[in-house]
Undergrad: 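Below are the structure tokens for one structure; questions will follow.
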Amino acid sequence: MQDNQREEIIYLAGLFDGEGTVCIQKDNRPCFKDNGKGWNPIYNVSVRIGMIEEKAIRSYLEYFKVGYVDCEKSYHSFRPMYRWAIRAKDDVQFVLKQLMPHLRVKKSQAILGLRFYEETPSKRGQFLTPEILAKKEQFYLEMKKLNGVDISPATTKRRGRPPSVRVCDSLNS
């Protein structure tokens with residue numbers, strides 16, 4: 001790996017550690033095998049990063065050549081938020097394997113995301129056995145725990161947190 005490529009992946013991993021997310025998404029859809037009477041959840045690992053600096057977000061698309069960049073509508077006088085995201089299995093594995101050696105904060109989520117695909121193999125549209133579904137659900141719950149989904153509320157709403165809970169206000173007084 002050339003020095004400039006190494007510097008770029010280290011930069012992208014550092015930015016991802018602070019602003020990115022690795023999660024397992026669960027989507028309930030009708031199961032086609034029993035004419036839509038049952039439900040077969042679909043699990044996907046998703047990798048995303050979002051911020052208002054478009055150039056920084058586009059650098060993920062330029063470097064990895066996978067995923068897409070989306071621009072959220074700006075609200076009131078706020079600048080728009082740009083997001084880079086990938087969900088395709090091969091793309092997620094490719095990106096996580098490159099970022100993982102340089103991650104610190106999101107390393108455990110990256111490892112779990114890769115393990116999810118290694119330990120629960122399935123093909124698109126395949127009816128899953130109860131054992132595979134249980135294992136995927138276990139990964140899903142473990143990722144939620146790692147991401148603090150059940151522990152604390154989200155703090156990244158577009159309008160910010162209310163003044164009563166702003167950390168900077170209590171530190172400056």
Undergrad: Decide yes or no for Met81 and Arg83: does some side-chain heavy atom of the first lie under 4.5 Å from some side-chain heavy atom of the second?
TA: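 Result yes, sub-4.5 Å side-chain heavy-atom pair found.
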Undergrad: For a quick test of reading the model, state the closest non-hydrogen atom pair linking Ile86 to Gly67 and the distance between them.
TA: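 Taking Ile86 first and Gly67 second, the nearest heavy atoms are CG2-CA, 3.1 Å.
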Undergrad: Check Met143 against Gly113 and note the closest heavy-atom contact, atom names and distance.
TA: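 That closest heavy-atom pairing would be CE-N, 3.8 Å.
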Undergrad: State, to 0.1 Å, how close Ala110 and Leu103 come at their nearest heavy-atom pair, and which atoms those are.
TA: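 Nearest heavy atoms, Ala110 then Leu103: CB-CD1, 3.9 Å.
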Undergrad: What distance separates Ile132 CD1 from Glu119 CD, expressed to the nearest 0.5 Å?
TA: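 Between Ile132 CD1 and Glu119 CD, I get 10.0 Å after rounding to 0.5 Å.
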Undergrad: Of all heavy-atom pairs between Leu96 and Val47, which one has the smallest distance, and what is that distance?
TA: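 Nearest pair, atom of Leu96 first, then Val47: CD2-CG2, 4.0 Å.
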Undergrad: Hey, what do you get for CD1 (Ile42) to CG (Leu133), rounding to the nearest 0.5 Å?
TA: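 Interatomic distance, Ile42 CD1 to Leu133 CG, rounded to 0.5 Å: 10.5 Å.
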Undergrad: Is any side-chain heavy atom of Leu12 closer than 4.5 Å to one of Tyr63?
TA: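 Answer yes - side chains close enough.
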Undergrad: With a 4.0 Å cut-off, would you call Arg79 and Glu72 a salt bridge?
TA: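 No, no charged N to carboxylate O under 4.0 Å.
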Undergrad: How long is the span from the SG atom in Cys23 to the CZ atom in Arg48, to the nearest 0.5 Å?
TA: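 Cys23 atom SG to Arg48 atom CZ measures 4.0 Å (nearest 0.5 Å).
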Undergrad: Are Gln98 and Phe94 close enough that some pair of their side-chain heavy atoms sits under 4.5 Å apart?
TA: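 Heavy-atom side-chain distance check passes, below 4.5 Å.
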Undergrad: Is there a path of hydrophobic side-chain contacts, each under 4.5 Å between heavy atoms of I/L/V/M/F/W/Y residues, joining Val105 to Trp84?
TA: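 No, Trp84 and Val105 fall in different hydrophobic clusters.
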Undergrad: Please give me the minimum heavy-atom distance between His102 and Ile9, naming the atom from each residue.
TA: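 Of all heavy-atom pairs spanning His102 and Ile9, the closest is NE2-CG2, 3.7 Å.
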Undergrad: Tell me, yes or no, whether the heavy-atom count around Glu54 atom CD, taken from other residues, nucleotides or ligands under 6.0 Å, exceeds 12.
TA: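 More than 12 within 6.0 Å, yes.
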Undergrad: Output the distance between atom NZ (Lys106) and atom OG1 (Thr21), rounded to the nearest 0.5 Å.
TA: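 Atom-to-atom, Lys106:NZ and Thr21:OG1 are 6.5 Å apart.
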Undergrad: Compare all side-chain heavy atoms of Tyr82 with those of Met51 and state whether any distance is below 4.5 angstrom.
TA: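 Result no, sub-4.5 Å side-chain heavy-atom pair not found.
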Undergrad: Are Ile111 and Met100 side-chain neighbours, meaning at least one heavy-atom pair lies under 4.5 Å?
TA: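 A side-chain contact exists here, since the closest heavy-atom pair is under 4.5 Å.
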Undergrad: Let me confirm one number: the CG-CD distance from Asn44 to Gln25, rounded to the nearest 0.5 Å.
TA: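 If I round to the nearest 0.5 Å, the distance is 6.5 Å.
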Undergrad: Are Val92 and Tyr117 packed together at the side-chain level, in the sense that at least one heavy-atom pair is separated by less than 4.5 angstrom?
TA: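 Yes, at least one pair of side-chain atoms sits under 4.5 Å.
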Undergrad: Verify side-chain contact (heavy atoms from CB on, under 4.5 Å) between Tyr68 and Leu61, making sure each step is shown before the conclusion.
TA: CA-CA 7 Å; Tyr68 62 92; Leu61 187 60; 5.7 Å; no
Undergrad: Assess, by modelled atom type and distance only, whether the side chains of Tyr43 and Glu137 contain a donor and an acceptor separated by less than 3.5 Å.
TA: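 Yes.
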Undergrad: Determine whether Leu99 and Phe64 make a side-chain contact, defined as any pair of heavy atoms from C-beta on separated by less than 4.5 Å.
TA: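 They are in contact (side-chain heavy atoms under 4.5 Å apart), so the answer is yes.
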Undergrad: For a 4.5 angstrom cut-off between non-hydrogen side-chain atoms, does Leu112 reach Phe116?
TA: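 With C-beta onward as the side chain, the pair stays apart.
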Undergrad: CD of Gln93 to CG of Leu114: how many Å apart, nearest 0.5 Å?
TA: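 Going from the CD atom of Gln93 to the CG atom of Leu114 covers 6.5 Å.
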